[in-house]
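Note that the coordinates shown come from a computational prediction; the quantities given were computed from them, not determined experimentally. Below, chains carry the letters A, B, ... as their sequence lines are ordered, and counting in each starts from 1.
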Amino acid sequence: MTSTPRLRFAPSPTGYLHIGGARTALFNYLYAKRHGGTFVLRMEDTDRERSTPESVEAIYAGMRWLGLQWDEGPGVDGGFGPYFQTERLHLYREHAERLISEGKAYRCYCTREEIEARRRIAESEKRQYRYEGTCRDRTDAPDLPSIIRFRMPEGEGSVTFDDRVLGPITKLYSDLDDWVMLRADGIPLYNFGCVIDDHSMGITVVGRGQEHVNSTFPQLMLYRALGWEPPAFAHFPLILGTDREKLSKRRHPEADVMVHQQNGILPEALLNFVVRLGWSHGNDEVIPLEQMIEWFDFAQVGTANAVWNPEKLLWLNAQYLKLLPRAVVAERLEPFLARIGLPGLPLARRERLVEVLAERSQTLVELAEKAAVFLKPGVTFDPKAVTKHLHPDGRALLSQVRALLAGLEWDPAALEGAVKTVSEQAQVGMGKVAQPLRVAITGSTSSPGIGETLELIGREEALARIDAALALPQA
RNA sequence: GUCCCUGUCGUCUAGAGGCCCAGGACGCUGGCCUUUCAAGCCGGUAACACGGGUUCGAAUCCCGUCAGGGACACCA
């Protein structure tokens, strides 16, 4: 291959963007970027029963959220459009007719019912069903509705291709069968539309999930029949759910890319997590997109399927929460604050929250929840914390520190200094003062540093909370 | 059932004949730090599916067994 590579992601818009699809898109994207090639998006919308405009939008949304911008595709014409298969029907028809005229395909008049019946018989006789081609050379019924089938060559033979990740794979002709290219209504089936489009769009490398290795063989037969040079193929290992079965929309909620957004996962973290499912670069774990582009190669893609690991996703997300610029995280935090009734916080304030809370949170949801303790008026006391720290001694220390706090400038260092002063005066450990105070202002025994916590809550609210705690009935 | 792919700690993986009585990461766990919670740092736990070959030498190559996954539609 001398010119720059062209790769594509070709989802069928029959639902949300699937996590497996997202990783396929990512691998193709990375390879294209790495080699200065082109990343194409093509919609395989030939399943008219299930394809919907909403799904098309959902796929765009998922790709956009992940930052996987296509160089060519819907909305970005690169001279190979249109990029929806239903807008390319004439192409499929043309090539099908050509194949028929060359005897490499034929009209098939069998009804689904007939074939279904034959299949049942084969099953009952415990043998594999093969299409018998009874109408292979029928020419007497040109007006009857018919589909178009590919004609498998007779006799011994095999097809082989050298997969870029799996290595050489071979299939015998005898394990292949005549297959449907075009339906009576002119809609192509996957194997046909895929080949016609990959070729006519100049695709040089086809990267897709391993569930497609078997369909590579009929596709190769088609390239051969058409006299076309096939692209290179790379089949990626599958992503399995924790139950070890292929991640499916049905029973794996995590298969939906956008639920992760809802769960407060950062797209950078999801991308990093997913790229490591089937690909690695030595011992590296935290690999930002620019780095992936620099390092990615099919040679390092694994051959075995990978199981989804929610803990590691969370860990990576925590890493990115700390890694990303605060302004970026603060921006992403806004919808989550809004969701719990705290919209419209100034950016600077959000950045401060991120600064203090990012290293204590694994998701944006968690970060927002922690922020709520500071931001929403009032406190919910944890009874155990109250008994443990707001006993008479604790309260005595608490009112001492309250008196000191009231006259202070509201700065974290100064506030913490006040706690220290009181603990020194009373000759007790700092915890003896900080803990009652912490319980008073947050309701619980854990929070960021006491100075920061006071600062974030604000003078008026903090003092009010202390007073409320002091007024609590003694247990 | 037929065909295809795969098989290193619980999970993601490094490993492309000697560097490996197998390294990293998540998780779990012990400790340090510390006003709490985290974060961070130091340590521990745990794997080459099994059986045959080939070789001076195998996690790495070959064969078989077993196991897992995928594909077998007028879905993609």
Point-to-point distance, once rounded to the nearest 0.5 Å, from CG of Leu144(A) to CZ of Arg138(A) = 6.0 Å

What closest approach, in Å, do Ser158(A) and Arg224(A) show between heavy atoms, and which atom pair accounts for it?
-> O-NH2, 4.0 Å

Please, which pairs that meet side-chain hydrogen bond (donor to acceptor under 3.5 Å, both in side chains) have at least one residue in residues 432-443 of chain A, sequence neighbours excluded?
-> Gln435(A)-Arg438(A), Arg438(A)-Ser447(A)

Nearest-angstrom distance from the residue atom NZ of Lys370(A) to P of C37(B) = 13 Å

Using the P atom on both, measure A22(B) against C50(B) and round to a whole Å.
-> 15 Å

Check the interface with nucleotides 44-47 of chain B: list each N/O to N/O pair with the protein under 3.5 Å, or write none.
none

Round to a whole Å and report the spacing from CD1 of Ile450(A) to C1' of U35(B).
-> 8 Å

With P as the reference atom in both, quote the distance from C5(B) to G51(B) in angstrom, rounded to an integer.
-> 25 Å

To the side chain of Arg438(A), which of C74(B), A76(B), U36(B) is closest?
-> U36(B)

Would you be so kind as to tabulate the donor-acceptor pairs closer than 3.5 Å made by side chains of residues 416-431 of chain A, with sequence neighbours excluded?
from      : atom 1 : to        : atom 2 : distance (Å)
Thr421(A) : OG1    : Gly417(A) : O      : 2.8
Ser423(A) : OG     : Lys420(A) : O      : 2.8

Can you check the Leu240(A) CG to G69(B) P distance for me, whole Å?
-> 7 Å

For Phe27(A), is the NZ or CZ atom of Arg23(A) found under 6.0 angstrom from the centre of its six-membered ring and inside 45 degrees of the ring axis?
-> yes

How about Lys384(A): does its NZ atom have over 12 heavy atoms from other parts shown lying under 6.0 Å from it?
-> no

Produce the list of close N/O pairs, under 3.5 Å, pairing protein atoms with atoms of nucleotides 39-41 of chain B; give distances to one decimal.
from   : atom 1 : to        : atom 2 : distance (Å)
A39(B) : O4'    : Glu359(A) : O      : 3.4
A39(B) : O3'    : Lys322(A) : NZ     : 2.6
G40(B) : OP1    : Lys322(A) : NZ     : 3.1

Give a yes or no on whether a salt bridge exists between Arg8(A) and Asp197(A), defined as a side-chain N under 4.0 angstrom from a carboxylate O.
-> no

Please determine, for G40(B), whether a Watson-Crick or G-U wobble partner exists with both distances under 3.5 Å, and give it or none.
-> C32(B)

Nucleotide A71(B), atom C1' - distance to CD of Gln219(A) in whole Å = 13 Å

Starting at atom CH2 of Trp179(A), determine the distance to atom P of C74(B), rounded to an integer number of angstrom.
-> 12 Å

Distances under 3.5 Å between nitrogen or oxygen atoms of protein and nucleotides 59-64 of chain B:
none

For C75(B), does OP1 or OP2 lie under 4.0 Å from any side-chain N or O of Arg183(A)?
-> yes

With both distances under 3.5 Å as the test, what is the Watson-Crick or G-U wobble partner of G18(B)?
-> C56(B)

Presence of Ser444(A) side-chain N/O under 4.0 Å of C37(B) phosphate oxygens OP1/OP2 = no

To the nearest angstrom, how far is Arg118(A) atom CZ from A73(B) atom P?
-> 14 Å

Is Glu49(A) touching bases, backbone alone, or none of the nucleic acid, heavy atoms closer than 4.0 Å?
-> nothing

Is any side-chain heavy atom of Arg164(A) closer than 4.5 Å to a side-chain heavy atom of Tyr31(A)?
-> yes

With C1' as the reference atom in both, quote the distance from A47(B) to C41(B) in angstrom, rounded to an integer.
-> 27 Å

Look at all strands and tell whether Ser12(A) reaches a base, only sugar-phosphate, or nothing, counting heavy atoms closer than 4.0 Å.
-> sugar-phosphate

Sole candidate of Pro13(A), Ser55(A), Pro74(A) that passes side-chain contact (heavy atoms from CB on, under 4.5 Å) when paired with Tyr60(A) = Pro74(A)

How would you label the contact of His212(A) with the nucleic acid (heavy atoms, under 4.0 Å): base, sugar-phosphate, or nothing?
-> base

Indicate yes or no for a side-chain donor-acceptor contact from Trp410(A) to the backbone of Leu454(A) under 3.5 Å, with no hydrogens or angles considered.
-> yes

Counting any heavy atom closer than 4.0 Å, what does Lys246(A) reach on the DNA or RNA strands: base, sugar-phosphate only, or nothing?
-> sugar-phosphate

So what does Arg119(A) touch, heavy atoms closer than 4.0 Å: a base, only the sugar-phosphate, or nothing?
-> sugar-phosphate

Charged N to carboxylate O below 4.0 Å: is that the case for Arg326(A) and Glu351(A)?
-> no

Take atom P in U60(B) and the same atom in G15(B), then report the distance between them in whole Å.
-> 15 Å

Taken to the nearest whole Å, NZ/Lys388(A) to C1'/U35(B) is 12 Å

Are Glu154(A) and Arg136(A) ion-paired here, with the side-chain N under 4.0 Å from a carboxylate O?
-> yes

Could you write nucleotides 1-15 of chain B as a row of B, S and -, 5' to 3', where a protein heavy atom under 4.0 Å of any base atom gives B, of only sugar-phosphate atoms gives S, and otherwise -?
-> -SSSSSS---BBSS-

Who pairs with A49(B) - Watson-Crick or G-U, where each distance is under 3.5 Å = U65(B)

In whole angstrom, give me the gap between the C1' atoms of A49(B) and G68(B).
-> 11 Å

If the C1' atom of C12(B) is compared with that of U6(B), how far apart are they to the nearest Å?
-> 16 Å

Can we say Glu97(A) and Arg107(A) salt-bridge, meaning some charged N sits less than 4.0 Å from an Asp/Glu carboxylate O?
-> yes

Between A46(B) and G24(B), how far is it from one C1' atom to the other, in whole Å?
-> 14 Å

For C72(B), which nucleotide is its Watson-Crick or G-U wobble mate, given both distances must be under 3.5 Å?
-> G1(B)

Nearest-0.5 Å distance that lies between atom OG in Ser200(A) and atom NE2 in His95(A) = 7.0 Å

Would a 4.5 Å heavy-atom cut-off, applied to side chains only, mark His252(A) and Trp308(A) as touching?
-> no

Nucleotide forming a Watson-Crick or wobble pair with C26(B), both distances under 3.5 Å | G10(B)

Would you check if Trp279(A) and Leu30(A) make a side-chain contact, meaning some heavy-atom pair closer than 4.5 Å?
-> no

Atom CG of Asp178(A) and atom P of C72(B) are separated, to the nearest Å, by 17 Å

Met201(A) versus Pro82(A), closest heavy-atom pair with distance = CE-O, 3.6 Å

C4(B) versus U65(B) - spacing of their P atoms, nearest Å = 14 Å

